[in-house]
Amino acid sequence: MTKKRIVSGMRPTGRMHLGHLHGALLNWKMLQKDYECFYFIADWHALTSDYAKPEIIGNSSYGIVMDWISVGIDPEVATIFVQSSIKEHAELHLIFSMITPLAWLERNPTYKEQLKEITQKDIHTYGFLGYPVLQAADILMYMANGVPVGEDQAPHVELTREIARRFNFLYGPTFPEPDVLLVKETSKLLGIDNRKMSKSYDNAIFLTDTDEVIRSKVSQMITDPQRMRKSDPGNPDVCNVYSFHEIYTDPADVAEIDAACRSASVGCVECKRRMAANLIKGLGPVREKRMELEADRETIRNIVERGNEKARLIASETMRRVREAVKI
Ligand code: TRP
């Protein structure tokens with residue numbers, strides 16, 4: 001039986017953090033068993049918001065591939081490639097841009113949210129508005145059946161389905177309508193300021209942070225806001241530090257911490273200290289693997305080159321069919 005195909009990408013805007021790990025990467029890793037996986041570096045997408053400082057994009061791409069492999073993405077199983085190496089994505093994006101109504105893009109919830117949240121960069125651009133059109137090109141290029149993404153990206157996959165439908169209606173059946181494979185987050189890990197973990201909010205814990213940096217960041221984390229004094233009972237259900245315990249701390253200890261927090265017999269400082277120690281231990285194997293890869297850049301380059309070639313083969317066939325359908 002042939003496996004269904006999935007496509008997903010990530011923007012190379014620096015190093016991978018725990019939000020990426022628990023929000024996406026562990027899921028990507030699991031999906032390798034059941035799907036034919038295409039995972040790529042969405043460097044053109046990164047350019048839509050970081051066009052004024054593009055260095056970080058090129059500089060972080062290989063590092064991100066190393067992060068992926070060190071958490072268990074297997075280049076022998078999944079195809080790892082770089083979006084900008086497959087020029088067909090740009091051509092398909094262009095064609096999709098002709099048939100995508102402006103209203104679909106203007107009402108896109110991620111667009112509206114980012115315009116509000118991102119204030120240090122000017123993202124009132126044509127390219128940024130068209131972000132999901134490029135994403136539709138990424139996905140449909142590989143005739144994907146599914147797209148594993150977090151909830152925040154679901155509107156983009158919905159838009160992809162609409163673009164596929166419109167293309168098929170205008171030019172004849174060409175693309176499948178891919179499903180969202182909603183990534184069930186292991187748990188909702190927020191950034192140290194309790195907002196969504198994101199490099200642009202400066203609140204992330206990175207896979208490659210040193211022990212010291214991890215301890216310092218954990219010590220700054222926001223806990224139960226109702227718990228003002230150590231003698232106040234806390235509520236783990238609303239505490240971000242507790243969410244980290246649920247992942248990185250031994251289950252028996254988690255139950256004890258839960259009770260100790262509720263009865264105010266452990267304070268937030270001590271609770272954070274224990275969590276930081278467990279987090280550091282949990283990330284140990286990932287960092288070890290990462291260091292091995294770091295010493296062998298040639299291998300990473302080869303992995304990406306092989307992935308690019310595989311992606312390119314499919315992309316050129318898709319574009320042949322698209323040009324035929326559009327008759328251009
Ligand atoms: N927009 C996605 C994100 O920020 C990244 C992305 C680009 C993507 N192209 C994609 C994800 C195609 C899935 C499929 O997370």
Side-chain angles (χ1 to χ4, degrees), residues 4-28 31 35-50 56-57 60-61 64-65 67-68 73 78-86 88-90 92-93 96-97 100 105 108-114 117-118 121 123 127-164 175-183 185 196-201 204 307 311 314-315 318:
K4 285 189 173 178
R5 185 179 289 169
I6 58 172
V7 174
S8 200
M10 255 185 222
R11 283 165 296 153
T13 51
R15 298 172 289 156
M16 295 279 98
H17 54 63
L18 293 178
H20 296 117
L21 181 63
H22 295 285
L25 290 176
L26 291 179
N27 223 265
W28 284 16
L31 290 165
Y35 293 90
E36 186 192 1
C37 302
F38 286 74
Y39 297 139
F40 71 97
I41 302 283
D43 51 354
W44 278 335
H45 274 106
L47 201 58
T48 63
S49 52
D50 288 342
I56 181 114
I57 301 171
S60 57
S61 291
I64 288 171
V65 171
D67 284 337
W68 288 359
I73 305 300
T79 302
I80 298 175
F81 69 96
V82 176
Q83 181 186 42
S84 67
S85 296
I86 318 298
E88 285 83 352
H89 287 228
L92 191 55
H93 167 252
F96 285 166
S97 78
T100 306
L105 302 175
N108 168 24
T110 57
Y111 179 65
K112 292 195 285 189
E113 187 196 308
Q114 304 253 40
E117 290 279 353
I118 298 178
K121 304 180 247 192
I123 50 171
F128 191 73
L129 179 69
Y131 184 111
V133 183
L134 180 56
Q135 188 161 346
D138 300 335
I139 296 165
L140 297 175
M141 185 68 80
Y142 302 94
M143 307 287 172
N145 309 104
V147 188
V149 284
E151 210 163 350
D152 63 315
Q153 291 291 313
H156 292 173
V157 181
E158 190 47 50
L159 226 112
T160 299
R161 296 165 58 88
E162 285 178 295
I163 290 173
F175 294 110
E177 286 181 39
D179 293 318
V180 182
L181 299 181
L182 251 209
V183 167
E185 293 177 73
K196 178 185 157 135
M197 193 180 285
S198 160
K199 183 182 160 277
S200 53
Y201 296 162
I314 299 170
T318 298

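Just so you know, these numbers use all the heavy atoms, side chains as well, and skip hydrogens, waters and symmetry mates. When a ligand or atom number is given, it counts from 1 through the structure's own listing order.
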J.: Can you list the ligand 1 atoms lying under 4.0 Å from a non-hydrogen atom of Val147?
T.: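 Here the atoms of ligand 1 in question are 13 (C), 14 (C).
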
J.: What protein heavy atom lies closest to atom 8 (C) of ligand 1? Include the residue and the distance to one decimal.
T.: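 The closest heavy atom on the protein side is Gln135 NE2, 3.5 Å.
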
J.: Working to the nearest 0.5 Å, report the span between CG of Asp179 and CD of Glu158.
T.: 10.0 Å

J.: Between Leu134 and ligand 1, which part of the residue brings a heavy atom under 4.0 Å of the ligand: side chain, backbone, both or neither?
T.: neither

J.: Of the backbone atoms (N, CA, C, O) and the side-chain heavy atoms from C-beta on, which set of Gln83 has a member under 4.0 Å from an atom of ligand 1: side chain, backbone, both, or neither?
T.: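 Neither part.
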
J.: Classify the angle between the aromatic ring planes of Phe38 and Phe81 as parallel (below 30°), tilted (30 to 60°) or perpendicular (above 60°).
T.: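 It falls in the perpendicular class, over 60°.
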
J.: Out of curiosity, His17 NE2 to Asp67 CG, how far, rounded to the nearest 0.5 Å?
T.: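 Here the rounded value is 11.0 Å.
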
J.: How close do Thr13 and Lys199 get, heavy atom to heavy atom, and via which atoms?
T.: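 Closest heavy-atom pair between Thr13 and Lys199: O-CD, 2.6 Å.
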
J.: Stepwise, does the side chain to side chain contact (heavy atoms under 4.5 Å, CB included) test hold for Leu21 with Met16?
T.: CA-CA 7 Å; Leu21 181 63; Met16 295 279 98; over 6 Å; no

J.: Select one of side chain, backbone, both or neither to describe which atoms of Ala42 lie under 4.0 Å from any atom of ligand 1, heavy atoms only.
T.: side chain

J.: Does the pair Asp152 and Lys196 meet the rule for a side chain to side chain contact (heavy atoms under 4.5 Å, CB included), with working shown?
T.: CA-CA 11 Å; Asp152 63 315; Lys196 178 185 157 135; 3.1 Å; yes

J.: Over 60° means perpendicular and under 30° means parallel, so tell me whether Phe175 and Phe96 are parallel, tilted or perpendicular.
T.: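 Answer is perpendicular, since the angle exceeds 60°.
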
J.: Can you tell me how the ring of Tyr39 sits relative to the ring of Trp28, calling it parallel under 30°, perpendicular over 60° and tilted otherwise?
T.: parallel

J.: Counting from 1, what ligand 1 atoms have a heavy atom of Ser8 closer than 4.0 Å?
T.: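 The list of qualifying atoms is 11 (C), 13 (C), 14 (C).
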
J.: Check Ile139 against ligand 1 and report side chain, backbone, both or neither, counting heavy atoms closer than 4.0 Å.
T.: side chain

J.: Measuring from Ile6:CD1 to Leu31:CG, what's the distance to the nearest 0.5 Å?
T.: 4.5 Å

J.: In the protein, what heavy atom is nearest to atom 9 (N) of ligand 1, and what distance, to one decimal place, separates them?
T.: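 Result for atom 9 (N) of ligand 1: Asp138 OD2, 2.7 Å.
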
J.: Atoms of ligand 1 less than 4.0 Å from Tyr131 heavy atoms?
T.: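 Near Tyr131, the atoms of ligand 1 are 1 (N), 2 (C), 3 (C), 4 (O), 5 (C).
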
J.: Looking only at protein heavy atoms, which one is nearest to atom 2 (C) of ligand 1, and how far off is it?
T.: Gln153 OE1, 3.3 Å

J.: Report the nearest protein non-hydrogen atom to atom 6 (C) of ligand 1: residue, atom name, distance rounded to 0.1 Å.
T.: Gly9 O, 3.7 Å

J.: Please list, in number order, the atoms of ligand 1 under 4.0 Å from a heavy atom of Phe40.
T.: 9 (N), 10 (C), 12 (C)

J.: I need the atoms of ligand 1 closer than 4.0 Å to a non-hydrogen atom of Arg11, numbered in the order shown.
T.: 4 (O)

